[in-house]
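Worksheet: one structure, shown below.
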Amino acid sequence: MILPGAPDAPLHLPREVVLASAGTGKTYTLSSRMIGLLALGAPPETLLATTFTRKAAGEILNRVLSRLAEAVLDPERARELANSALLGGTPATASMSPQAAFSGLLLALTRDLHRVSVGTLDSFFVGVARCFPGELGMPPAWTISDAPTVLRLEAEALQEVLSRAGPREMVELVRMTMRGERVRGVQGRLLRQLTEIRDLLYQRGVEDPGGVWMPPGHPRSRTGEGDAPVWEEVLPLLESAPLPFTSRGEPDRRFQDAVDAALASLRREDWAAFCGKALVRNVLEGTPTYYRASIPAGLVTAIQRALAGVRGALIGTLKRQAQALRTLALAYDGV
């Protein structure tokens, strides 16, 4: 390596790998290497320092400038910097005192500061890619969008998708995507769900609209519709299920109230409320008692049949919601 102002013979600089924890002097070592190369006459544009964050990149450049400035103001700091930064060979400013040499170096560096390549790895790769847009199949003036721009473009794409659909279709898609809930921030929620479903689509590589969501044979791949009992059979079965009797020979009122509440939840298709009933939850969890009384076998069977129906209804609903999201996602990608 021959640098301007260096001897004619190549200057062999050591290759180093510095592995150290935070706060142990990695930035100090890197700034010393950069100052040493600059002192040997290396043009600022020939140096490259990259890191992962903008903050760390700023610290590197700030350390180089601050150490040079301190060396200009303090002769002792100038001697220390000369001992730690010079890499061997003959410095381009060997005829000057260290303080004067670093003063000239600081002046030259600040004049060419725009040529110094100290930044993040991302910015370095983007800079390289911008030099070859044709080879990469990119437009000549391509840029990387910032977060606000990305959000705006995503919102515009979603609006375009919804505007292309017919009013009835759009309402049904949104209703299924929102799972029938009435919430604020529909657009933000739609975008979040679209992001999740698109990630799933890319991971599975499913392209056809009729593609399956779960692997064949997976328990959740079944819609449950074929196994779900007919509600006209389930409700009478639950209504007529045997109840335990009290010591007076009367049906236990607590069981009767629990069954009535469970039936009311089923009739209004409130599946969460039904499954949340203590009696139903005990059956679901395999607990054979309710208020310390044994649950009759006939009542257990009726509740299990109802749970099978709820399971089928929920799986069918989730399948339709997933299909609605998938339809939106495929249309969204096509915008």
Side-chain angles (χ1 to χ4, degrees), residues 1-133 135-136 142-144 146-147:
M1 177 180 182
I2 301 178
L3 299 176
D8 291 339
L11 179 61
H12 297 285
L13 301 178
R15 289 183 171 86
E16 296 178 324
V17 176
V18 179
L19 302 175
S21 303
T24 55
K26 295 190 299 296
T27 303
Y28 178 88
T29 301
L30 181 57
S31 63
S32 295
R33 172 60 67 93
M34 293 182 66
I35 291 172
L37 290 171
L38 291 170
L40 290 171
E45 62 269 20
T46 63
L47 303 184
L48 170 66
T50 63
T51 184
F52 293 102
T53 65
R54 294 180 181 178
K55 180 180 178 182
E59 290 175 353
I60 294 172
L61 186 57
N62 181 68
R63 186 69 63 87
V64 171
L65 293 173
S66 62
R67 292 182 70 188
L68 285 174
E70 290 170 356
V72 171
L73 297 175
D74 187 342
E76 183 62 28
R77 291 292 182 89
R79 286 190 291 271
E80 291 177 359
L81 183 58
N83 291 331
S84 63
L86 297 184
L87 301 170
T90 303
T93 55
S95 60
M96 305 180 186
S97 67
Q99 198 171 7
F102 288 129
S103 177
L105 186 60
L106 178 61
L107 179 61
L109 179 60
T110 52
R111 285 176 176 172
D112 291 334
L113 199 59
H114 61 286
R115 297 181 179 180
V116 179
S117 297
V118 179
T120 63
L121 287 166
D122 290 344
S123 64
F124 171 72
F125 290 125
V126 168
V128 173
R130 283 177 176 168
C131 296
F132 306 97
E135 290 82 350
L136 297 175
W142 71 273
T143 59
I144 294 181
D146 54 16

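All values reported here derive from a predicted model rather than from experimental measurement.
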Side chains of Val128 and Val126 in contact at under 4.5 Å (non-hydrogen atoms): no

Contacts of type side-chain contact (heavy atoms from CB on, under 4.5 Å), residue Ser123, not counting sequence neighbours: Thr120

Flag, side chain of Thr24 to backbone of Ala20, donor-acceptor distance under 3.5 Å: no

Validation row: Pro133, Trp142 side chains within 4.5 angstrom (heavy atoms): yes

Residues Leu30, Val18; criterion side-chain contact (heavy atoms from CB on, under 4.5 Å); working and verdict: CA-CA 9 Å; Leu30 181 57; Val18 179; over 6 Å; no

Atom CZ of Arg130: over 12 foreign heavy atoms under 6.0 Å: yes

Salt bridge Glu76-Arg79, side-chain N to carboxylate O under 4.0 Å: yes

Leu61 side, atom CG; Met34 side, atom CE - distance, nearest 0.5 Å: 7.0 Å

By side-chain contact (heavy atoms from CB on, under 4.5 Å) - contacts of Glu59 (at least two apart): Lys55

With Glu45 via side-chain contact (heavy atoms from CB on, under 4.5 Å) - residues at least two apart: Pro43, Arg115

4.5 Å side-chain heavy-atom contact, Arg67 and Ser32: yes

Steps toward side-chain contact (heavy atoms from CB on, under 4.5 Å) verdict (Thr46, Leu37): CA-CA 10 Å; Thr46 63; Leu37 290 171; over 6 Å; no

Distance-minimising heavy-atom pair for Val116 and Pro44: CG2-CB, 3.9 Å

Partner of Thr50 under side-chain contact (heavy atoms from CB on, under 4.5 Å), chosen from Leu121, Ile60, Asp122: Leu121

Heavy-atom pair of closest approach, residues Ala78 and Phe102: O-CE1, 3.3 Å

Minimal non-hydrogen separation, Leu106 against Ala69, with atom names: CD2-CA, 3.9 Å

Cation-pi check, Arg33 onto Tyr28 ring (under 6.0 Å, within 45° of axis): no

Rounded distance (nearest 0.5 Å) linking atom CD1 of Ile35 with atom CG of Leu47: 11.0 Å

Main-chain N/O of Val72 paired with Gln99 side-chain donor or acceptor, under 3.5 Å: yes

